[in-house]
Each structure stands twice: as C-alpha cells, then as structure tokens.
Amino acid sequence: MNQPMELDLLAQLNPSQRQAVEHFTGPLLVVAGAGSGKTRALTYRLANLVLQHRVDPENILAVTFTNKAAREMRDRVERLFADYLAQKLHNQPYGSLGLDVQTKLRSRVYHTYTKPLWVGTFHSLCAKILRFDIEKYQDERGRRWQKNFSIFDESDVQSLFKQIVLKDLNLDEKKFDPKSVRYAVSNAKNQGQTPEDLLREQPNYRGRVIAEVYSAYQGKLAENNALDFDDLIWLPVQLFRQNQQILDYWHRRFCHILVDEYQDTNRTQYELVRLLVTNGQQRVQDWQNRSIFVVGDADQSIYSFRLADFTILLEFQDQFGDRLPDDDTRTMVKLEENYRSTENILQVANHLIENNTERIDKVLRATRGAGEAIFCYKAADEVDEAQFVAEKIVTLVQQNPDLDWGSFAVLYRTNAQSRALEEALLGRIPYLIVGGLKFYDRKEIKDTLAYLRVLLNPADTVSLLRIINVPKRGIGKTTIESLLAASQELGIPLWEIISDEAAAATLAGRAAKSIHQLVKLLQKWQGEVETTSALDILEGILEESGYRADLQNQGTDEAQDRLENLEELFNAVSQFQETNEDISLAGFLANASLASELDNLQEGQQAVSLMTLHAAKGLEFPVVFLVGLEQGLLPHARSINDIRALEEERRLCYVGITRAREQLFLSHATQRRLWGDREPAIASQFLAELPPELITSNIKRQSKPLKQNATASQDWQIGDLIMHNAFGVGEVTHIFGSGQKISLAIHFPQMGKKIIDPKIAQLRKVDR
DNA sequence: TCCAAGGTCCTTTTT
DNA sequence: GGACCTTGGA
C-alpha cells in the first residue's frame, strides 16, 4: 500500500514520540512534559490510525478539555490528511498546489476524514450523545428529558439555586449559602453521586438538606427540560449504567479513544471513558481493534477546583495497563525532551516544580541553548508593572525583527488583573484578551439566546422569564407572579399557561394583550424552527420582538455597543453555519452554550495576548510576561494555608513559565489596588524558589521575602508588614501597650482589622 | 410598572 | 471599583 505515512509522519520523531505515534491497539499512557511535542504525538497518531491502520474515522473519539484544544487538534489532523492526499493525488506538497486545487482537496478531506471523526470537549461530545439517546434515560425519581433540552449556564443555575434554597425550601441563608450548596451539588455530580449517594455518605443534617436541594434542583431542571454542565457528563454515565444496549452501541462505535490532558479528568469523566472502553466490564478482555490512548502531565494539573484528579492518571497503568515497572512496561511512554524553551527557562521551571511533594519524577531535558537570563521586575504598583510590560514589549519589537505583537503573552492569576494591563497597552499596542468577559455572557446576547431557546424548548421557563418583559411590554412583577402561581398549581410549564388564551386573559388582566402578542410572535417562529435557517430566525426575532428597535431608540453609547455585539452574534451564527454545514437553530444553540469564548476568530492576528494562567495552558509564545507574583495573588490567598492547594498554585506558576520559548519576564508589585483600595503586597514565595543565578532584576539583591520571627515590642512599628499564618499579609496600624505586654492592630486586605497578640499568633515581619 | 439611588458583596481559576 | 440587589418615589 501507500508508504508516505512512513516518510511524512515518523521521520522527524524521536524514539518515544515514535512509539506513541505508532501505537495501534491496546492501552497506552503518554506522560508528556511541557513542550515535549504532545499535540504532535496525538495528531500524528490519530492520522496514523486512519492512514496506516485503515481505521474508519467514524470509530475514533478524541476528547479534549477546551474548545480551543479541540479546534486545534481538528485543524492539525486536517492538515495532515491534506498533506497526505496532496502527495498521493498530485505528487507534491499541499502548500505548492494551486489555490483552487487546495480548496477542492480540503473539502474532500473534510468529507472523507474529519467530518465523521468525533473530536471535541467532554461536554460537547456528551451533548451530542445525549441528543441521540437522552429520551431513553430516566433518573432515580423517574424524571425524563427530551432531546431539545436547553443547557443552562452558570448564572441560570445560580438563580435556580437561589430560588430553591431561599424561596422553595426557605432555608437559613447563613447556614446554607446558595453558592456553597450549588458547589456541593456540583461536586456530587462530578464524583458520580446521586442525591441518595450523598445522603448515604453524609447522613447528618447538612447532608440531608443538600441532598434535598440536589433532588429539588434536578426536578427544576427536568421541568425546564434543561441540563447543567455537570449533567452533560453525569447523565450519559448513568444512562450507560442502566442501559447496556445503549452502552453496547457506543462501545462498538468508539473503538479508539484518545484523551488529551488526562490529568484534568474528574471521577465522572473517567467513569465515562472507562465504560466506553470496557463496555462496563472489569477489564478489557480483547484489545483487538481497540485502544485507549491518553496523554497528560501531572505537573500541569491545575483544575482540582473542578474536581480534576491527577491520581486518575497515576492509576492508568493499574486500570488499563500491563502493571509492569516503568522500565519494562509496554503501556506507558514518557516524552521528556523539551523542544520549546531555552535551557534557562527550563531550569527555572524544573527548580520550581521540584518543591512539590506530590508528583511523579519526570525530567525535562533541554534540547536548545541556554538563552537569555530571566528578568524579574519589582514594581511600585500595578500601574508601574503594566507600564514595564508595555515598554518592554515596544523595545523588544523595535530591537528584534523576528518579533511582532503576536509573539507576546501576558499571563496573570486572576481576570481582575487585566484592567491595569489593558490601560497601559491601550492605544499603543494591539492586544487581545482571551477568555475573561465572555461574549455569550453579555446581557444582550443572553437575551437573544433566551428567545431562541424558548422557540426550541418552550418548557424552558428560565429563558421565558428572562424575555417575557424584555423589551418592556408592560408585563410586570405582579402579573408574572400570578402566572407562575398558576403554573405551580397546575404543574404545567409557564408556557402552557400563557399560550392558553383564556387562561392568560383571566390571570393577566391588563397585561393580557401584551402576553397575547408575545405568544403569537413565539408561536409563529416555533413553526419555523425546523424549516428556516438559524440566521433568518435570529433576524426575525430581533426585528419582530422589538428588541433591536428598543436598543436603537435608547441611542446611548452603551446601547450602540450592544447593537454591535448583536452584529457579532450574526457573524457567529453564519460562521457556525459555514464550518459545520448545519443551518439548524438546534445545532447553533448547542454550540453556543458550550462555546466559552469568541476569541481566536482571527487566529494568528498581530496582537499581544492577555490571559489567565489557566487559559494559557497548552499554548506557547516567544516572549512571556508572568505578572503579579505576590503572596495572595500567586499563590492565591485562598490557597496559601493548604499544602495541596499551594502545590497546585505552584503547578500553575510552572505552567506559566513553561509557556515561554525565548524570553521570560517575571514581575511583582509592592503595592496593589484591591477592590479599589491600595494594599501592600510582598513578593511571591515562588520567586524565592527560583535559582538566583539565572535571574536578573531591577533591584540589587533578590531579598528573601520572609524574615525570621520577631516578638519583642521594640520589633514592631506602625506601618510594618507582617505575615499571619491564617490571615495572610497585613499592615500594622496601631500598637497597644508596651514592653512584653502589647497587642497589635493589623489591617488585612481580605479580613479587615484584627487585634492580635504577637506572642500568641505566629507573626513574621516581611519586606515591602 | 418603572427607574434612579444607594447599599452590599465581592474574586480564583472554566466547561 | 463595579456587578447586583433592594428600596423608595413618581
């Protein structure tokens, strides 16, 4: 048969990569350090399955954690297939073909290879499975869903919890904060627990209440024919457990499963993968024509707050593999050569991560030269820090013809840090904020999508309530309350009430006419859902609901912004229709609920990237700025007193450092605005963990951030910065008493003012 | 029913 | 410094 795979895919690989790429059937764990060619191993191996081993693309499932990663994998695989076909059909590289030939080839690649391939996030793939099979599922209380279900976002979910906790169950807000209850329920789903499981595990009062809320919440979701993000994964798992026939089907369908960022899987996601691979058995009996291929790096596990559990990766050998020691195993391969960063950057990264206790030993070997020293900038405050970043970028671009704006990334711990940076860059340097304020979270977009969701799923009362009086049509609170009361009383969705003309007329009184008009509008477009394109429906709704006219009448700058965002929504719909060959409203809505960002619409554009460390995972840049290296920020205040959380912060820092190819800049400020107030800040403990000989700085000597204990009264002065074990960093504002009998009033940014006896509390003086 | 003013809490990170 | 909620007046 054809040999070009041999030539193209395997030639430039090192032996470990080659082993990964050539892997055909059976289990394989690829431990892939940062910059070790992980994506390459994944995509080449996928292409190799199809081209070399003749696996039907339909039988392959490739799972990622972010849409960005999914998109990239799809693009890169597509490119490989295109290269292959170009060579086979035209005997020349894809790049040297004429434009029209390229287009033709791409279309062929799409239809033969990438369209039948399932590549996506856990959430999008599960949503797809549910659109086939959700109607065969019922939960432990017999609740059912239909395949036109809505996917509720975090704010929809929050308001449901508020309603249940504060109104329906009338619980004490102090004891059962809706947010913490919501968190507990989410955790349960991510650990694969039903309300009953939760009750069994926590038979105390709190457990009982949370289980009750959990169950009530699922009831509410079912009433709305809606699911939350966690359900998208948790439901298929339960469905597969209760219905072997359905599992059989998907097990047979997905013979080859690839999982990227395996260290980020949680127990429920793992269970999903396990069910698909084993068909529900203890072990896989027959690996013929079947494989599980996972790629991950425990040092880059940064999602434990979402219940990601990197021990799942550590257990792979035990669950699927041959259980042999590392030297003999045939089911694990380590990629340890780093092709991305200079040696200096790598050493700094290695040095830092060695401070973690919870990890598997893995060496990152440099393949490149030493490179430049790492520079650490000590800034006066966040404005000065941002100024430094901006000026450095300008200088580097002027000095270095290889660099353009797109070569730079500025990484930070929290989204709030982006503002100061934006202000420094604005007007001087083009920049792009990745993530952050999400397009689909904007009010006008959410309103519009709520209209569309109601068309598709009239039972979605949450969305219906969102738009029932938007734009204002005189349907006030009292009217809505009485309609809702009737809906509760009769146990039917709000939509059924308002679309019953007689019922609406009696209940709504003065507002009856408005309701009737709204119902007529929605009914008209409900009739079009199957036959009309998403784009036309969107246009019709915005026009006929008066939503657009309302914004136009306002005439404010803000309204203008909103109108422009709606324009963007049109672009998003038409882009979706083009790339997915799917013009249905259902298709677009499913996609929109799961899309987290409308960024890299224009990939590779010339702009500095601003993003959180979490968003940066998987990316690389020639020059990286890692800002805000301060106690309380990185490591974050909430993680500072818990060793495991602290280690995750360290991994986060490690992820940031390893994004850099050529140059790395670190920075911290001695003062920072927090919630509008100026607060003192001290350098991150992580800075002290870096090898000083590799770091240069704008201050003479890298001072150790923590000084020895000091307890005698003469050691304290107003204005001193101290570190308290529980409260973090604070500033001394008063000293009471004298000699050995003193107390200190200390202001902590997060906690406010505390009176503390320095002989009792563990206090350390720290440098400014 | 609507709107403006003032108060409260807040922020980790994301599908 | 800002999103979100409650409140009181028109």
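Just so it is clear: chains get the letters A, B, ... in the order the sequence lines come, proteins before strands, and each one is counted from 1.
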Scan A:Lys162 against the nucleic acid and name what it touches under 4.0 Å (heavy atoms): base, sugar-phosphate only, or nothing. sugar-phosphate
If the threshold is 4.0 Å, N to carboxylate O, is there a salt bridge linking A:Arg638 and A:Glu649? no
Selection from B:dT15, B:dT11, B:dT14 that lies nearest to any side-chain heavy atom of A:Ala416: B:dT11
Between C:dC4 atom P and A:Arg442 atom CZ, what is the distance in whole Å? 13 Å
Among A:Thr268, A:Asn190, A:Thr265, find the residue that satisfies the side-chain contact (heavy atoms from CB on, under 4.5 Å) test when tested with A:Leu307. A:Asn190
Please confirm whether the backbone N or O of A:Leu352 pairs with a side-chain atom of A:Asn355, one donor and one acceptor, at under 3.5 Å? yes
Would you mind telling me which of B:dT11, B:dT13, B:dT15 lies closest to the side-chain atoms of A:Arg638? B:dT11
Quick check on DNA chain B: between A:Thr121 and A:Ser639, whose nearest nucleotide comes earlier from the 5' end? A:Ser639
Just how far, in rounded Å, is P of B:dT14 from CG of A:Asn187? 17 Å
Classify every nucleotide of nucleotides 1-6 of chain B by which part a protein heavy atom approaches to under 4.0 Å, writing B for the base, S for the sugar-phosphate alone and - for neither, in 5'-to-3' order. SSS---
With P as the reference atom in both, quote the distance from B:dT13 to C:dC4 in angstrom, rounded to an integer. 15 Å
In whole Å, I'd like the distance from the OH atom of A:Tyr183 to the C1' atom of B:dT14. 12 Å
Aromatic ring pairing A:Tyr303/A:Phe305, orientation class (parallel under 30°, perpendicular over 60°, tilted between): tilted
Length of the NZ-P vector between A:Lys617 and B:dT15, whole Å: 11 Å
What is the distance, to the nearest angstrom, from the CG atom on A:Asp177 to the C1' atom on B:dT8? 14 Å
Strictly below 4.0 Å, N to O, side chains only: are A:Glu630 and A:Arg672 in salt-bridge contact? yes
Identify whether any heavy atom of A:Lys179 sits under 4.0 Å from a base atom; if not, whether one sits that close to sugar-phosphate; answer base, sugar-phosphate or nothing. sugar-phosphate
Which atoms of nucleotides 8-10 of chain C (N or O only) lie under 3.5 Å from a protein N or O atom, and what are those distances?
none

Both distances below 3.5 Å, Watson-Crick or wobble geometry, any strand: find the nucleotide opposite B:dT11. none
Using atom names, set out every protein N or O paired with an N or O of nucleotides 1-3 of chain C below 3.5 Å, distance rounded to 0.1 Å.
unit_1	atom_1	unit_2	atom_2	d
C:dG1	N7	A:Trp675	O	3.4
C:dG1	O6	A:Trp675	O	3.3

Check every atom of B:dT14, B:dT11, B:dT15 against the side chain of A:Asn415 and return the nucleotide holding the closest atom. B:dT14
Between A:Ser514 and A:Arg473, is there a side-chain donor-acceptor contact under 3.5 Å, judged purely by atom types and distance? no
Salt-bridge contact A:Glu271-A:Arg274 (side-chain N to carboxylate O under 4.0 Å): yes
State plainly whether the residues A:Lys446 and A:Asp153 are in salt-bridge range, i.e. N to O under 4.0 Å. yes
Between CG of A:Leu652 and P of B:dT11 the distance, given in whole Å, is 19 Å
Count the heavy atoms belonging to other residues, nucleotides or ligands that lie under 6.0 Å from NZ of A:Lys128, then report whether that count exceeds 12. yes
Salt bridge present between A:Lys38 and A:Asp260 (N-O < 4.0 angstrom): yes
Rounded to whole angstrom units, what separation is found between the CG atom of A:Leu633 and the C1' atom of B:dT13? 12 Å
Give a yes or no on whether the ring-centroid distance for A:Trp234 and A:Phe229 is below 6.0 angstrom. no
With no hydrogens and no angle check, just 3.5 Å: does a side-chain donor-acceptor pair link A:Lys189 and A:Gln218? yes
Could you check whether A:Phe122 and the base of B:dT15 form a stacked pair, meaning centres closer than 5.5 Å and planes differing by less than 30°? no
Can you confirm whether A:Arg659 sits close enough to A:Leu626 that some side-chain heavy atom of one is under 4.5 Å from a side-chain heavy atom of the other? no
Checking B:dT14, B:dT15, B:dT11 against the side chain of A:His123 (C-beta onward), the nearest is B:dT15
In whole angstrom, what separates A:Tyr412's OH from B:dT13's C1'? 12 Å
